[in-house]
Each structure stands twice: as structure tokens, then as C-alpha cells.
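Chain letters run A, B, ... following the sequence lines, proteins first, then strands; residues in each count from 1. These numbers come from a predicted model, not from an experiment.
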Amino acid sequence: MLDVLGENSFKVNAYRRAADAIQHLDQDVRAVWQGGDAASPEPVEAASGVKNLRTIAGVGEAIASKLDELLRTGEMGYYRELSEQVPAGVLDILKVPDVGPKTAARLWRELNITTLDQLRAAAEQGQVRQLKGMGEKSEAKILAGLAALSRKTNRRLISTVYPFAQAVIAQMQETCGSAIHQITYAGSLRRMRATIGDLDFLVSADAAHHADILEAFTKLPRVETVNDHGGTKASVIADNGLQVDLRVLEPKHWGCALVYFTGSKQHNIEIRGLAQEQGYTLNEYRFGQNERELFCETEEEVYQKLGLPWIPPELREAAGEIEAARAGALPRLIELGDLKGDLQTHSTWSDGQMTIEQMARAAQARGLKYIAVTDHSSGLGITRGVDATRIKEQWAEIDALNKRLRGFKVLKGLELEIRADGSLDMPDEILAQLDICLASTHTAQKQPKEKITARVVKAMRHPHIDAIAHPTGRLIEEREETALDLAEAMRVAQETGTLLEVDGAVERLDLDEVHIRRLKQLGLKTILDSDAHHADQFETLFYGIHNARRGWAEAGDVLNTLEWAQLKKHLKRNRR
DNA sequence: GCCGTTTTCGGCCCGACTGTTTTCAGTCG
């Protein structure tokens, strides 16, 4: 709204920076405001809330008081004031590709256009081109943008974009062959975000080949429309609706370009600030110092020049990674190969699609040493779960299977349903005999905060429940998190030794990166599982690991990097 | 609106592409 009103762009950017910093905080902004004392609903002293908020980078006096007002009253007078000035529909118009704040403001003020429908009508009737600086092409662009907006889908799961990116790379290599020196994806995919908005590729090649490479890119079989096509970059829409950009550059620019296009934007701004402090300017091609130009063929050289070690892409969110790098305190991030076992899998005993043996053999083929079979308890009606009778039959099958397996162990587990009232649907006598017991909620997910928190906390206090599976219940782009008070759950986890799981299922990634980092700060361990219902779904551990890496997790933070004999000592049921 | 190992005032990351222009503004990433 400030943008549309023509406010000083640096002021607008200050709000963006503050919003970005809050989004990437390692805890809830409310917790910062409260000054670390989550038990009190408000800061002890009125003034300290503002002071606490100001510790956030990019939050100064003005934004801190507005946030304080928002947290205290649930409303912000300044926001309401702006809302009264700018018609809501103008903000919709801002979402049209190629319409920015300047254009939206002129459409509103000069043509009185305040809805998408009015904009479409005006463009169709040739009214838009009457504005100074707008012509037929601008008008056509707006109509195309409106069409794109109406069929626009949300961000996609990384698990669909990653294989697509691999396919694009393979096709480019096939088409251009030796002309391509290096090719990679960059952007949010390289940072391994859970969802991806658009896809960025970088190609290095001799300048003589640049035009051919861009041409080949725009002609790939899955390209539907070409939006931009210049001398160094092209931007297309693929048949799956994804926007895909490709940038071509000379090999000597590779290091700076890869850093630049991997981002995040805010990370880039911070490292360019660092470069400036050291007397350089940094862009996507080079370091500049007066007339001198310094090129970097690798990312390592770029960071080295800034006095930093290489920073893994998953950490590049301007969330303290630069300070940590400078202090030599970057985490040694967990890797897929560190995992020794998987503590949440399902079989045909409940809603899985494969037998326990098929799951076990697939896991072993992937290099794991053990899995826990954690079928649903019968309380979750839709999955035809196991009850106290059937689970004993399942144990007999597991015992027999373990005799046949070499160098691999199947553990007896359960994913126990925590009923809406907090009760459990399996006798304690059964739970006591398991190797590991997870508990989770699948029903009554809309309970208010107090109720669902009490429900989960009650389960956490049960002596035989080792971990809470997918604690927040989110389904990415589909279902919001439950109202569970995670700060309280973490506190109870510290007290009881109950673990909070990281579910690696690609649509869950639950806990997410922010919560994982919080766990680590509290000194809590976790387990990272596939939640596989089919042998193919062990693949999700790959995405789960990257999610954990985004949460700064090291191997030591994840218990199933241990052999089972060691791991079992950490489970609550085996502790005294 | 934010910020400070030059600065409490005066800066604020930087470049590609497009369209409408006779040298640049707007948008995007």
C-alpha cells in the first residue's frame, strides 16, 4: 500500500526487510516481544516489549511500536489508515504480472480502475493505451497477465519441482552437448525450500555459444510460452505452469553468479553490504574495486574474499548464517548418508501399500540398518489400523522376518492415535512391549489451542509414548498447522524426554525448519522419518534431510543417525 | 524507516529486459 501511495521506496523497503526478518526468526515474534518469558501473556513492563522487538535486525523505533500495538491489541492503526486510503482491489491489480505499484497507482487515479474486472474491460476497450507511456503492447501484456493470474496455481512442493529440474538439465545437456560448460539449478530449489515458486537455471559457456543455448532453452519440448528472450537470459512458462528462467554466462563469472542466483535476496543484500565494507562492489559477475575486476570461478572463492567459509545454500536465508560464518560457528549439517534407520513406516497392516518384508528390504537396499513399523492404531478409523489382538499377530510376523534378515532389524512400533479427548486406543500393557511408540493426531485437528495442547501434552506425559509424530499436522499448501502451542510442547519435551518428530513426508515436512532450529537451541534431540507408506517413499528422506538442514540440524541432533543399540537408550521408555 | 570501525544525517544492492522513448521508467528477480 505504501508503494502504491508513492511513499519513499527506501521506507517501503524498510517494511519489507523487517517483515522478512520476522518471517525468518528462529522463534515466534510474540516470544521475542515477551522477552523469552512465554509464561507471561505480555512483557512484564510495557516499554520492554518495544525494546525486545528492536533486537530484530531491521526493526527500529517506528516498526517496533507498530508491532507492539499489533501484538497487544490485535490491530494496527497505521495499517487500518492505509487500508482506508487504498482500495482493496488495487492490491489485487498489483498481483498482475508486469503491473507494479506505479502502473497500479496510475490505473487507479487516472482511469479509476480498482478491480481486476475493470482492468480487463479497460484493456479490452483500448483505454489503457491512452495513458502516457502505455501503448498497445503494454495493454496486451496486461491482458496476458490477467489471463496468467486467473490460471495461476500456488507454489509447488519441492518433490515435484526437483525431478522436473533434473529433467530440464538432462535435456539441455542433450541438446547443447559440449557447448555447456556447467549447468545447475539455483534459487529457492537450490536452497531446498519446501515449496518452489519458480525455477532458475544457470549455464556457463563460451560467449560464442550463448545465443544458441538460450535459443535451445526456449525451444525445449515442455516450453509453452516465452516471456523474455534477451542476450543473457530467457524466461519461459513450462507446460506444468512453472515459470522457468535460464541465465547464460561465461565460466569466469560462475562463482559470483551462482551466489547471486541462489539467494536468498536478503542474503545477497547482506553479503553485498559486507563487500562494501571491504571496499568492493559485488554483482552477479564480479567483485569490483575501483577499475579492477576480480572474478571467481567458484562460490568458495566468493565467500573467501569476504572472509567467510562457504555457506551451504540451505542456510542462506539471512537468518544469522553470515554472523555464524564470521564466527566460525556454522553447523556441520546433517547428510542423508548419516541416517541409520527410519522410525516411522507403514505396511499393509494399516494403510501402507507394501508388506513389512518389502518395506524392510527396500530400506536395506537404501543403506539403512533398521526401520520401525509404525502402523496406525485402530482408533484412526479410515486406515483399518491394528488393535490389541492384531498387533500381536504382527509381532509374530516381525519376529519371523528378523530371523531371515541379515544386518537389518525391524522394530515393533505403532503410530498411536491421540483421540479428541486425549485418551489412547491401546492398552498400556501393549504399549509397554513396543520398541518405539509414536503418537499423533489425525482427527479433531481444528480444536482450539488450549484443548489440542492439553490433548498432546497429556500424551507426551504418558510413560510409553516416545515421540509425537508430525506435531503440527500441517499439509503444505492444503491444511494449516493445528493450533498446538509448540512452545509449550517443547517445554514438556524438555521435562519428559518425549521427542518431537520431523516427519519427512514431502507434503508434511513437519516440524519445519524454524521449529527444528528452535529444538536445537533448546538442546532437544529429534528423529527424522520418512512416514513411508510405500517402498518408493523412502525417497522422501532426501527432502526431509534438506528440511532439517534448513533448520541448521547436525547429525548429533537427530537420534536415528545412531545405531539402534545406541538410539534405544535415548528413548523415554528405556530411561530412568 | 533503518542504521553507523568514515557518518546521528545521508545514504540505502544491482543489473536485465521491455516498451515507449529519443535517454529512460517500470518491473522483476
Side-chain angles (χ1 to χ4, degrees), chain A residues 2-21 53-67 78 82 93-107 128-142 144-145 148 186-191 196-202 210 214 218 226-236 243-249 253 256-257 259-288 306 318 326:
Chain A
L2 289 171
D3 238 344
V4 171
L5 292 171
E7 189 49 275
N8 176 328
S9 63
F10 297 111
K11 175 173 167 180
V12 180
N13 200 38
Y15 278 93
R16 290 216 174 87
R17 281 192 58 214
D20 198 66
L53 289 167
R54 290 201 60 177
T55 61
I56 301 169
V59 175
E61 186 59 42
I63 293 182
S65 1
K66 294 185 176 82
L67 278 172
Y78 185 54
L82 293 172
I93 289 171
L94 263 185
K95 292 183 193 137
V96 178
D98 297 313
V99 176
K102 298 283 194 296
T103 309
R106 295 188 56 205
L107 290 167
V128 172
R129 74 182 70 170
Q130 286 161 18
L131 292 180
K132 188 166 162 53
M134 304 284 279
E136 277 182 54
K137 285 192 174 175
S138 305
E139 208 167 60
K141 239 177 160 177
I142 285 175
S188 55
L189 179 60
R190 186 154 181 260
R191 300 200 310 279
I196 309 294
D198 57 24
L199 192 47
D200 301 298
F201 290 98
L202 284 190
H210 286 186
L214 286 170
T218 60
V226 178
N227 283 347
D228 297 340
H229 183 176
T232 63
K233 65 171 280 195
S235 178
V236 306
Q243 179 179 326
V244 187
D245 297 348
L246 182 138
R247 184 84 172 225
V248 62
L249 47 109
H253 296 140
C256 288
V259 169
Y260 180 88
F261 287 103
T262 298
S264 63
K265 185 184 170 109
Q266 204 57 43
H267 176 88
N268 286 350
I269 289 173
E270 287 194 15
I271 64 170
R272 279 196 293 258
L274 213 54
Q276 284 206 323
E277 279 175 28
Q278 298 176 27
Y280 299 105
T281 58
L282 175 60
N283 62 21
E284 63 254 58
Y285 299 109
R286 66 182 75 81
F287 282 94
L306 297 170
R326 207 185 320 209

Q: Hunt down the Watson-Crick or G-U wobble partner of dG15(B), both distances under 3.5 Å, from any strand shown, or write none.
A: dC28(B)
**Q.** Glu270(A) CD - dC2(B) P separation (whole Å)
**A.** 17 Å
Q | Comparing Ser138(A) and Tyr78(A) on DNA chain B - which has the more 5′ nearest nucleotide | A | Tyr78(A)
Q.
Rounding to an integer number of angstrom, what distance separates dT20(B) and dA25(B) when you compare their C1' atoms?
A. 9 Å
Q.
Would you measure the distance from the C1' atom in dT23(B) across to the matching atom in dG29(B) and give it in whole Å?
A. 24 Å
Q: Could you check Asn268(A) against Leu214(A) and say which one's nearest nucleotide on DNA chain B is further toward the 5' end?
A: Asn268(A)
Q) To the nearest Å, how far apart are Arg286(A) CZ and dC14(B) C1'? A) 11 Å
Q: May I have the distance from His267(A) (atom NE2) to dC14(B) (atom P), rounded to whole angstrom?
A: 16 Å
Q) Roughly how many Å is it from CG in Asp228(A) to C1' in dC17(B), rounded to a whole number? A) 6 Å
(Q) Minimum heavy-atom separation for Gly197(A) and Ser188(A), please, with both atom names. (A) N-OG, 4.4 Å
(Q) What contact category does Arg247(A) fall into here, base, sugar-phosphate, or nothing, at under 4.0 angstrom with non-hydrogen atoms? (A) sugar-phosphate
Q: List the protein contact pattern of nucleotides 6-12 of chain B with one symbol per nucleotide (5' to 3'): B for base contact, S for sugar-phosphate-only contact, - for none; contact means a heavy-atom distance under 4.0 Å.
A: ------B
Q: Could you check whether Glu136(A) gets within reach of a base, just the sugar-phosphate, or nothing at all, counting any heavy atom under 4.0 Å?
A: sugar-phosphate
Q: Kindly say if Tyr285(A) contacts the phosphate of dA16(B), meaning a side-chain N or O under 4.0 Å from OP1 or OP2.
A: yes
Q. Which atom pair, heavy atoms only, marks the closest approach of Ala57(A) to Ala21(A)?
A. O-CB, 3.4 Å
Q: Could you tell me whether the phosphate oxygens of dT21(B), OP1 or OP2, come under 4.0 Å of any side-chain nitrogen or oxygen in Lys132(A)?
A: no
(Q) Show the nearest heavy-atom pair for residues Ala234(A) and Thr218(A), with the distance to one decimal. (A) CB-CG2, 3.9 Å
Q: Can you tell me the distance, in whole Å, between the CG atom of Asn227(A) and the C1' atom of dG19(B)?
A: 15 Å
Q: Measure across Leu249(A) and Ala257(A) and return the closest heavy-atom pair with its distance rounded to 0.1 Å.
A: CD2-CB, 3.5 Å
Q: Calculate the interatomic distance between Leu2(A) atom CG and dG1(B) atom P; express it in whole Å.
A: 8 Å
Q. To the nearest Å, how far apart are Leu67(A) CG and dG1(B) P?
A. 13 Å
Q.
If you apply the rule side-chain contact (heavy atoms from CB on, under 4.5 Å), what do you find for Asp200(A) with Asp198(A), and how did you get there?
A. CA-CA 7 Å; Asp200(A) 301 298; Asp198(A) 57 24; 4.1 Å; yes
Q. Rounded to the nearest 0.5 Å, how far does CZ of Arg16(A) lie from CD of Gln266(A)?
A. 11.0 Å
**Q.** Nearest-angstrom distance, P atom, dT21(B) to dG26(B)
**A.** 13 Å
Q: Would you mind reading off the distance between His253(A) atom NE2 and dA16(B) atom P, rounded to a whole angstrom?
A: 10 Å
Q) Which letters describe nucleotides 23-29 of chain B, given B = protein heavy atom under 4.0 Å from base, S = only from sugar-phosphate, - = neither? A) ---SSSB
Q | Whole-angstrom distance between dT22(B) and dA16(B), as gauged at atom P | A | 23 Å
Q.
By the definition side chain to side chain contact (heavy atoms under 4.5 Å, CB included), identify the one residue from Leu199(A), Val226(A), Asp245(A) that meets it with Val236(A).
A. Val226(A)
Q) On a whole-Å scale, what distance lies between the C1' atoms belonging to dG4(B) and dT8(B)? A) 8 Å
Q | Separation between the P atoms of dG11(B) and dT7(B), rounded to whole Å | A | 15 Å
Q.
Just verifying a value: how many Å separate Asp3(A) CG and Asn13(A) CG, rounded to the nearest 0.5 Å?
A. 9.0 Å
Q: Would you indicate, yes or no, if dC17(B) has its OP1 or OP2 atom less than 4.0 angstrom from a side-chain nitrogen or oxygen of Ser235(A)?
A: no
Q.
Test of understanding: with side-chain hydrogen bond (donor to acceptor under 3.5 Å, both in side chains), list the residues that count as partners of Arg247(A), not counting sequence neighbours.
A. Glu284(A), Tyr285(A)
(Q) Using the C1' atom as the point on both nucleotides, what is the distance between dT6(B) and dG10(B), in whole Å? (A) 13 Å
Q.
For a quick test of reading the model, state the closest non-hydrogen atom pair linking His267(A) to Ala318(A) and the distance between them.
A. N-CB, 3.9 Å
Q: With heavy atoms under 4.0 Å as the rule, sort Gly231(A) into base, sugar-phosphate or nothing.
A: sugar-phosphate
Q) What are the two closest non-hydrogen atoms of Leu282(A) and Cys256(A), and how far apart are they? A) CD1-SG, 3.9 Å
